Amino acid sequence: MNMTLEQWLYSLPVRFRSFLHRRQVDQEMQAELRQHLDQQTRENILKGMSPEEARRSAVLTLGGITQIEQQCRDARGGNFLGDLMQDFRYGFRQLWRSPGFSVLAIVCLTLGIGANAAVFSWMEGILFRPYPLVAHQDRLYAVGGIVQGQSNGDFLSWPDFIDLRRNCTLCEDAFVTSITGSTLNIGDHAEVTTGSIVSANYFDVIGVRPILGRGFQPGEDAGSNSHPVVVISYQFWRNHFKGDPEIIGKTQRLKNVPHTIIGVTPDGFYGTFVGRAIQFWVPACMEETFHGGGYKLEDRGARWIESYVHLKPGVSRAQAQEQISALGARLQNDYTATNRGRSIKLWPLYETPFNHAGELLPILEVMVAVVAFVLLIACANVGNLLLVRAFVRRHEMSVRLAIGASRLRLVKQLLTEGLMLSAIGTAGGLLVAYFCRHALVLLLPTGVGAAMYLPGQMDARVIAVSVGVCLLVTLIVGMVPAFQTRHLDVAGPLKADSSGVVGARGRAWVRSALVVFQVSLSFILLVGAALLLESLQKIRTTSPGFSTTNVAVTGVSLVAAGYDIPRASTFQNELIDRLSGVPGIESAAFAAVTPLGYMTYPSSPIAVDGYQPAPDEQPEIEYNRVGPNYLATLGIPLLSGREFARSDDENAPLVAVVNRTMMMRYWRGQDPTGLRLQVKGRWARVIGVAADAKYESMAETPKPFFYLPLRQDSSREPELNIRTTQPLQSTSAAVLREVHALDENLALYEIISLQEQVNRATSPQLVAVTLVSILGGLALLLAAVGLYGVMSYAVAQSTRELGLRMALGARADNLLRLVLSRGLGLTAAGVLFGTVMALALTRLLGRLLYNVSPHDPVLFGSALVVMTITALSACLLPAWRAARTDPARVLRS
Amino acid sequence: MSKPSDLVQGTLDMLILKILALEALNGWAISQRLKQISADVLGVSDGSLYPALQKLERRGWIRAEWKFSENNRRAKFYSPTRLGRKQLEKETAHWNRVSTAISGIVKLKEA
């Protein structure tokens with residue numbers, strides 16, 4: 001019915017009235033009908049009927065009042081909102097009437113949408129808006145140094161940062177943070193707290209106002225250890241000072257230096273480091289106190305700064321990068337000695353190279369795909385359920401069509417029901433996500449997880465995306481049955497529905513297709529989980545190049561106890577001597593950095609006689625500073641020469657040990673023992689070659705690396721490595737005893753095995769495996785429910801056919817096999833599609849896989865086995881029911 | 001899906017418009033007039049009259065007003081709109097064309 005504009009204008013008041021005064025219009029209609037009856041009755045009385053007879057006759061000629069009223073409403077037609085309200089009421093009654101269906105559908109959607117919302121909230125809280133209370137995070141970018149030709153970023157030096165801040169006209173401002181920590185003595189135990197070394201403009205740029213006291217003042221970051229002031233976090237203030245309102249001006253010892261507390265940050269501010277809740281902030285001038293290793297604010301070669309810039313509104317990252325690259329090139333020219341081959345780079349927050357965002361990004365990327373799959377599987381389930389119901393309700397639908405409801409109206413009704421389901425599912429899903437917002441930390445091994453802070457963020461953006469997902473789901477699940485109304489006709493319910501679904505095609509194909517779709521998606525997830533599991537297995541069992549058992553790592557907080565370097569050296573020698581006398585301890589050695597620990601290795605430009613670098617190449621190699629016997633203690637094989645001895649001290653000639661890859665690259669495989677190596681501008685003699693090992697990550701490929709003696713290169717607090725045959729507990733007690741024998745006031749760090757260190761280093765892989773396994777299991781369960789639903793429905797619909805077959809001589813096991821083979825047929829089709837898609841998709845796992853081919857046939861095979869077993873169990877009950885069909889009863893009915 | 005009573009329904013709309021074009025009436029009066037005119041041939045039940053009125057009102061062809069009837073009772077009186085009169089002219093012309101054609105054919109057969 002096409003309406004002309006004029007007609008539309010005429011009818012507008014009627015429409016408005018029937019919407020705004022729905023009740024009144026209804027009442028008028030009733031009054032009108034009543035009047036009709038009265039008048040007819042009077043007329044009938046005039047014709048000579050008795051009053052009762054007259055009334056009855058009037059009612060009879062008019063017909064059923066209620067039907068007429070409903071028909072009038074239908075004829076008046078609704079308007080969008082009015083219909084919607086009616087549909088909602090009607091839909092609610094429908095859902096209420098079949099609680100089993102509703103609960104199942106809502107649980108499916110809650111899980112599906114909840115998984116999505118949880119991942120969204122993690123992405124928001126960890127990657128996109130990781131820093132609560134920090135202003136303009138949409139314009140916030142990480143800035144760091146980068147060696148040309150390499151992809152992983154590192155730090156800036158303070159002078160480089162100052163130049164950046166001065167010259168970047170596209171930046172609103174820039175600030176420095178550098179993660180640090182301090183051991184606090186609280187009563188009788190020591191506790192490590194995480195802090196940040198920041199530039200004085202830090203709080204101003206991020207727009208965080210201390211709730212007590214002040215932030216830093218300009219110039220407070222200048223000088224050497226000149227401003228021992230600290231801003232503490234709200235939690236720190238609450239937990240350690242019991243919320244003392246007079247806290248400002250009091251002092252807190254950090255790294256054994258008394259710091260004046262000048263401010264307290266607001267509740268809910270956790271600093272700017274993904275993965276940690278920062279507890280205190282000190283100005284950059286205090287860097288030396290916290291990190292040791294000399295005064296760095298004037299040293300362009302000392303790179304320790306994590307920094308961020310706020311770009312000006314409307315400036316793109318590419319524009320800013322262009323300007324910053326130009327600055328990097330200028331610095332290269334002006335300061336060749338320190339900046340050759342280096343540039344400066346901008347990263348979006350989610351790719352920040354110097355916190356945990358970088359390692360969580362690939363996991364969360366994969367998660368987005370995984371939860372999308374789970375959601376699609378859930379949708380397929382709900383779609384299937386709705387289809388069954390649409391079939392049950394086709395009578396009702398036909399009748400409504402017959403009395404003049406338009407098809408669009410029916411589709412609207414079905415969509416409304418879909419919307420109600422998905423809205424409830426979304427509400428539930430958001431609750432699930434809210435409860436899971438801190439769950440990421442729980443997936444980490446306890447040692448790492450306890451200190452980590454990885455919050456999900458349930459902000460307006462996450463909710464908006466979830467609502468978007470909800471609408472999408474509504475469309476998907478609502479359209480499935482709506483699509484089916486195409487086949488509906490008025491005569492439909494009258495015709496017998498010949499439904500032999502076990503053998504038949506027809507309407508069942510949509511449901512079968514949905515099941516195949518579900519099976520393929522969950523098969524892909526199974527393959528993904530299998531690949532990640534295998535990868536984790538490989539990464540954990542691969543040899544890191546040092547022994548992981550029998551080696552314990554700990555540390556002694558010498559800096560905090562006020563030791564200077566000579567005194568620390570003496571202490572270290574004495575402790576090693578004492579430890580070598582402890583039964584069970586085979587050897588012990590100090591090292592500046594533990595392999596696979598959270599500290600990064602320093603690197604140095606090097607030169608080698610006879611090695612000619614390319615014109616724009618400045619070889620720069622990472623190194624570690626280690627004490628005597630380090631290689632033996634860790635079990636790193638020595639390939640030639642010797643390792644450091646105690647005699648390699650500050651008075652002896654400079655020496656170095658290189659690794660095998662370095663030998664291959666810079667000496668073309670010739671044993672360099674006795675040859676020269678230039679490190680940081682000074683020549684050292686190579687005295688040995690060590691085997692390759694893993695240094696920073698289990699997934700890294702062999703890279704050049706060398707060692708310098710601890711005594712010949714000033715170091716921060718070194719870590720203590722102990723090779724022992726004793727369990728950790730007794731080793732810890734023995735070490736503490738020896739440490740206290742030397743100095744009662746020293747505290748020992750946590751003691752862990754190197755295996756634990758490996759486990760912590762591979763925790764991102766563990767998180768990925770755990771998440772994918774949980775979600776893969778969920779997907780499998782949903783797919784099994786889907787398969788079960790389709791099979792049992794098929795069996796229920798074809799009891800007549802089954803009974804007939806039985807009557808004609810089919811045995812119970814024939815029917816069992818018939819149903820099972822149909823279920824397995826669907827599964828096989830799903831697995832086939834799933835395999836094709838998985839072959840294309842598993843490459844996306846790339847960065848998370850270690851030494852595992854994304855097309856590993858064995859792993860595909862094991863996924864197939866799991867899928868088949870699941871499918872069989874899902875079909876077993878329906879098949880059993882089919883086998884128990886009683887032909888006599890069926891044929892009688 | 002079929003609409004078996006298309007013709008009758010279309011005709012009903014036209015008849016109602018025609019009746020109302022002569023005089024504004026309430027529902028009951030329309031039903032009485034319908035019976036008189038069509039001598040019950042069309043078999044319009046009183047029940048189907050009201051939905052038809054609602055539909056016509058929604059289409060903007062008739063408007064309804066509450067007025068006092070002859071015996072001083074408030075009743076809903078329907079009258080055609082300008083648009084409704086135009087529609088009636090169109091329908092009548094169409095009807096005349098069709099019925100002339102049909103009766104022509106019917107006579108042709110008889111001859």
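For clarity, every value in this text was computed on a predicted model and none was experimentally measured. Below, read A as the first sequence line, B as the second, and so on, with proteins coming before strands; counting in each chain starts at 1.
If you measure heavy-atom distances from Q32(B) to chain A, the contacts under 4.5 Å come from the side chain alone.
Residues passing the side chain to side chain donor-acceptor pair (under 3.5 Å) test with R82(B), sequence neighbours excluded: E6(A). Legend: residues meeting side chain to side chain donor-acceptor pair (under 3.5 Å) with S57(A), ordered by chain and number and at least two apart, are N44(A).
For the side-chain contact (heavy atoms from CB on, under 4.5 Å) test with W28(B), the passing option among Q35(A), E32(A), H36(A) is H36(A); the others fail.
The CE atom of M29(A) sits 8.5 Å away from the NZ atom of K76(B) when rounded to the nearest 0.5 Å.
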